[in-house]
Amino acid sequence: MTHSLKLSCADFTFPLLSHPEVFHLVRLLGVEAVDIGLFSERSHLQPEQILKNAGLAGKQLRRQLEEHGLLLADVFLQLGREPRHRPVNDPDEHVRQQNRDRFRSAIEFAHSAGCQHLTGLPGTPMEGQSPADRLALAVEETAWRLAAAREAGLVYSVETHLGSNCPSPETALTFLEQVPGLTLTLDYGHFVYQGLPSGAADLLLPCATHFHARCGAMGRLQTRFPLNQIDFRPMVRHCLDAQRPPWICLEYVWIDWEGCNEVDNLSETILLKRHLQGLASEPRN
């Protein structure tokens, strides 16, 4: 079975624009859907604000997207300023309970906005916490999140990112095995950055229900198209052949971290979109 390629674009790719301007630009790019970032203190919509009245905020976003003719592919939730702040395996029980309360609100927000997919993080190493303890907590809390999302009819996935509890394809697979039913938001760049060949992450393709795509290379989490070392062909073919085709999000970011503010996000988004569409139109042997 072959489908057409489903492409979205992250709202946090263009943080200097207002939200309506981002939505207008995404449509100008010929992309039919958007990924919404809920990042503490650094996104258009921030969890500290919108989760206080999540249902209303979700309905407002849904109206905005409908006005621009856009679908909502994913809500990406990060409850801390960066991954080590308020992770799922935070040793403080009070913080973990707050995280659960906010996650419930994020589910309400996503559901009200018309989204069927929610992405989170798998936790990170914490000072003073043993590897066994941090993984046990991460598994316990992630299993709770998965169950809560499923009850609301949402697919829940995690992005196994650089510096997380599962930084390699093998550790990512092990984490998934400990939380049956959990899926991945897969970004090849986090593995290629570490010097792994692009194909090393192909074993995770069957576990992915969402993708983040941007050009990357060893030591460069985000780079220009001519320097790209990621082979996107397996990802594209997987999406075309999937029974339920996942979205591929064009996910360039503009932040002062790992050189991620050193490329022209608009031009690179256009180039990558054309490249992915070109791969999708290749004849199959």
Side-chain angles (χ1 to χ4, degrees), residues 6-12 32-40 43-66 70-80 83 86-88 96-123 138-161 164 172 175-176 178-187 204-212 239 242-249 251:
K6 295 168 58 177
L7 297 179
S8 65
C9 183
D11 67 340
F12 47 91
E32 63 179 325
V34 66
D35 281 29
I36 296 294
L38 288 185
F39 307 150
S40 179
S43 57
H44 288 89
L45 301 177
Q46 297 181 19
E48 296 88 352
Q49 300 169 350
I50 66 121
L51 296 187
K52 294 176 181 177
N53 196 338
L56 177 61
K59 291 176 182 177
Q60 290 174 338
L61 175 63
R62 187 170 191 163
R63 285 195 295 269
Q64 279 188 296
L65 295 177
E66 288 173 350
L70 287 169
L71 300 173
L72 179 50
D74 180 61
V75 172
F76 190 3
L77 178 67
Q78 296 182 28
L79 291 174
R86 307 186 69 92
V88 291
R96 295 199 306 276
Q97 184 57 54
Q98 285 184 330
N99 285 350
R100 287 194 177 198
D101 293 340
R102 293 176 185 181
F103 190 82
R104 290 190 188 95
S105 295
I107 290 174
E108 182 183 1
F109 169 77
H111 186 267
S112 297
C115 188
Q116 298 178 335
H117 196 279
L118 183 62
T119 295
L121 301 179
V139 166
E140 178 183 349
E141 291 301 310
T142 301
W144 179 88
R145 290 186 178 194
L146 175 63
R150 276 182 164 177
E151 186 176 352
L154 272 65
V155 175
Y156 182 60
S157 70
V158 295
E159 182 186 52
T160 52
H161 58 91
S164 73
F175 190 80
L176 292 175
Q178 294 181 73
V179 188
L182 181 66
T183 64
L184 284 181
T185 291
L186 182 55
D187 184 342
L204 297 174
L205 284 171
C207 310
T209 51
H210 197 68
F211 290 91
H212 288 164
C239 290
Q243 185 175 3
R244 294 184 178 180
W247 291 95
I248 299 176
C249 176
E251 198 233 7

Check: Pro122 and His161 side chains under 4.5 Å, non-hydrogen atoms: yes
Derivation and outcome, side chain to side chain contact (heavy atoms under 4.5 Å, CB included), residues Glu66 and Arg62: CA-CA 6 Å; Glu66 288 173 350; Arg62 187 170 191 163; 3.7 Å; yes
Heavy-atom closest pair, residues Leu182 and Ser157: CD1-CA, 4.2 Å
Atom CD of Gln97: over 12 foreign heavy atoms under 6.0 Å: yes
Non-hydrogen side-chain atoms of Gln98 and Leu79 separated by less than 4.5 Å: no
Residues that Gln49 engages under side chain to side chain contact (heavy atoms under 4.5 Å, CB included), provided they are two or more places apart: Gln46
Reported CZ-to-CG distance for the pair Phe103 and Leu51, which is rounded to 0.5 angstrom: 11.0 Å
OG on Ser112 to CD on Gln60, rounded to 0.5 Å: 10.5 Å
By side chain to side chain contact (heavy atoms under 4.5 Å, CB included) - contacts of Arg150 (at least two apart): Leu146
Approximate separation, where rounding is to 0.5 Å, of Asp74 CG and Leu118 CG: 7.0 Å
Shortest non-hydrogen contact between Ile107 and Leu154, atoms and distance: O-CD2, 4.4 Å
Worked verdict on Asn99 versus Glu141 for side chain to side chain contact (heavy atoms under 4.5 Å, CB included): CA-CA 9 Å; Asn99 285 350; Glu141 291 301 310; 5.9 Å; no
Verdict with supporting geometry, Leu205 and Leu186, side chain to side chain contact (heavy atoms under 4.5 Å, CB included): CA-CA 8 Å; Leu205 284 171; Leu186 182 55; 4.2 Å; yes
Leu184/Thr209 under side chain to side chain contact (heavy atoms under 4.5 Å, CB included): CA gap, chis, key distance, verdict: CA-CA 6 Å; Leu184 284 181; Thr209 51; over 6 Å; no
Student check: side-chain heavy atoms of Arg102 and Pro47 closer than 4.5 Å: no
Spacing of CD belonging to Gln178 relative to CD belonging to Glu140, to within rounding of 0.5 Å: 12.5 Å
Close side-chain approach of Phe109 and Ile50, heavy atoms under 4.5 Å: yes
Student check: side-chain heavy atoms of Phe12 and Ser43 closer than 4.5 Å: no
Interatomic distance, Asp35 atom CG to Cys115 atom SG [nearest 0.5 angstrom]: 8.0 Å
Closest contact, heavy atoms only, Leu72 versus Ala113: CD2-CB, 3.6 Å
Atom of Ala54, atom of Ser105 and distance for their closest heavy-atom approach: CB-O, 3.1 Å
Heavy-atom closest contact (Val75 atom, Ala110 atom, distance): CG2-CB, 4.1 Å
Minimum heavy-atom distance Gly120-Tyr156, with the two atoms named: CA-OH, 3.5 Å
Nearest-0.5 Å distance that lies between atom CG in Leu71 and atom CD in Gln116: 10.0 Å
Student check: side-chain heavy atoms of Cys239 and Ile248 closer than 4.5 Å: yes
Ser164 side chain vs Thr160 backbone, donor-acceptor pair below 3.5 Å: no
Short side-chain donor-acceptor distance under 3.5 Å, His210 and Thr119: no
Validation row: Trp247, Glu32 side chains within 4.5 angstrom (heavy atoms): yes
Expected output: side-chain Asp187 to main-chain Glu159 donor-acceptor under 3.5 Å: no
